Amino acid sequence: MSKLRTALAATAALGLAALAAAPAQAAAQPAFLAASQMPPSSTPWTATRVFTGVPENGGALCAPYKIPAQNTRYREFNTELDTNGVQITTVARTEADAVKLVDTLRKALAGCGPLLERQNPGLRAVSAAHGKLAVEEGAWVYSLDTADPQVGTTDIHLFAVGRDGRTVTYVRWGQMGDLKDAPLAAFRTTAKTAVNKLW
């Protein structure tokens, strides 16, 4: 009888442990970059809390409305010198859906410059690809260099799109200036960190 009681107690304990673990597993979410993991800046980065959905205006520069709001969260980053950024992360229904989303985002980023020039006569915009990073299922880096002669401003943005299984993350960094002013090597590190941190 004592053996039976011991077995029943052990079974009950296992059941309770499984019930306790289930909510924790269900609540698990991809992790985000910290402010300190953005490329170095002359003034410190600050980060917002993580929000549900996508930012305003479709969420992603060069890829508006490409990232679904469902199962998506984002965090924004800023410095005192108008350098800014965002990370948007979404968990797709299947891995095939995640692969398709990565392809969609990569095409949008690669073609962003010509599209912006068509939409904004007088604007000069150049998109460039900066290769694939060896992290999880891969991450790809792009840039967008824009100049508005009428206003006299130039801006540079760096982007990364990466995937870990069903999870896709998009990272953007931007400031005034040209590509030569951009911390491309440091941004590659940021992109790899973003994908590595997801799970």
Side-chain angles (χ1 to χ4, degrees), residues 32-33 38-39 41 45 47-48 50-92 97-133 138-163 167-188 190-191 194-195:
F32 277 73
L33 289 165
M38 292 295 281
S41 175
W45 286 94
T48 66
V50 176
F51 297 97
T52 299
V54 295
E56 293 181 3
N57 301 320
L61 178 63
C62 285
Y65 307 105
K66 304 293 185 186
I67 301 174
Q70 186 174 8
N71 297 325
T72 299
R73 298 155 74 230
Y74 70 95
R75 165 175 278 172
E76 296 176 319
F77 303 88
N78 290 281
T79 73
E80 294 177 4
L81 295 178
D82 293 329
T83 305
N84 59 81
V86 67
Q87 181 183 9
I88 308 172
T89 297
T90 188
V91 180
D97 288 341
V99 171
K100 186 181 297 185
L101 177 58
V102 168
D103 289 343
T104 297
L105 292 172
R106 290 184 61 202
K107 288 176 183 174
L109 292 173
C112 186
L115 177 62
L116 289 177
E117 287 185 338
R118 290 195 298 271
Q119 294 175 339
N120 304 274
L123 181 72
R124 295 199 301 271
V126 177
S127 292
H130 299 279
K132 181 180 179 180
L133 304 176
W140 292 262
V141 176
Y142 298 85
S143 65
L144 172 69
D145 202 341
T146 61
D148 189 335
Q150 294 182 343
V151 181
T153 59
T154 60
D155 294 286
I156 179 66
H157 294 275
L158 301 176
F159 307 91
V161 176
R163 181 172 71 87
T167 306
V168 176
T169 195
Y170 160 105
V171 182
R172 179 187 61 78
W173 170 99
Q175 70 175 23
M176 293 180 64
D178 302 304
L179 182 57
K180 61 179 175 59
D181 305 312
L184 186 56
F187 183 76
R188 287 191 175 102
T190 294
V195 177

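Computed from a prediction, not measured in an experiment: that's the story for all the values here.
The side-chain heavy atoms of F32 and R73, taken from C-beta on, include a pair separated by under 4.5 Å. Taking the side chain as every heavy atom from C-beta outward, F77 and T83 never approach each other to under 4.5 Å. Two residues are said to be in side-chain contact when any heavy atoms from C-beta on lie closer than 4.5 Å; W140 and L105 fail this criterion. Between V91 and T167 there is a side-chain heavy-atom pair separated by less than 4.5 Å. Side-chain contact between T153 and D155 is present, with at least one heavy-atom pair separated by less than 4.5 Å.
Shortest non-hydrogen contact noted between R163 and V195 is O-CG1, 3.9 Å. Residues V168 and A98 share a closest heavy-atom pair of CG2-O, 3.6 Å. The heavy-atom pair separating L144 from C112 by the smallest distance is CD2-SG, 3.9 Å. Closest approach of V86 and Y74 over heavy atoms only: CG2-CD1, 4.4 Å. Taking all atoms of both residues into account, the shortest heavy-atom contact from A125 to E117 is N-OE2, 2.9 Å. The two residues M38 and G85 come nearest to each other via the heavy atoms CE-CA, 4.2 Å.
A donor-acceptor distance shorter than 3.5 angstrom exists from the side chain of T48 to the backbone of E76, with no hydrogens or angles considered. Between the W173 side chain and the L184 main chain, no donor and acceptor come within less than 3.5 Å of each other. A donor-acceptor pair is defined here as one N or O able to donate and one able to accept, closer than 3.5 Å; such a pair exists between the side chain of R75 and the backbone of L33. The closest donor-acceptor contact from the side chain of S127 to the backbone of G113 lies under 3.5 Å. At least one donor-acceptor pair closer than 3.5 Å links the side chain of D145 to the backbone N or O of L179. With T190 contributing its side chain and R188 its backbone, the two residues share no donor-acceptor pair below 3.5 Å.
The structure places CD1 of I67 at 7.5 Å from OG1 of T90, a figure rounded to the nearest 0.5 Å. Taken from CZ in R172 to CG in L109, the straight-line distance is 11.5 Å, to the nearest 0.5 Å.
The aromatic rings of Y170 and F159 sit tilted, their planes meeting at an angle between 30° and 60°.
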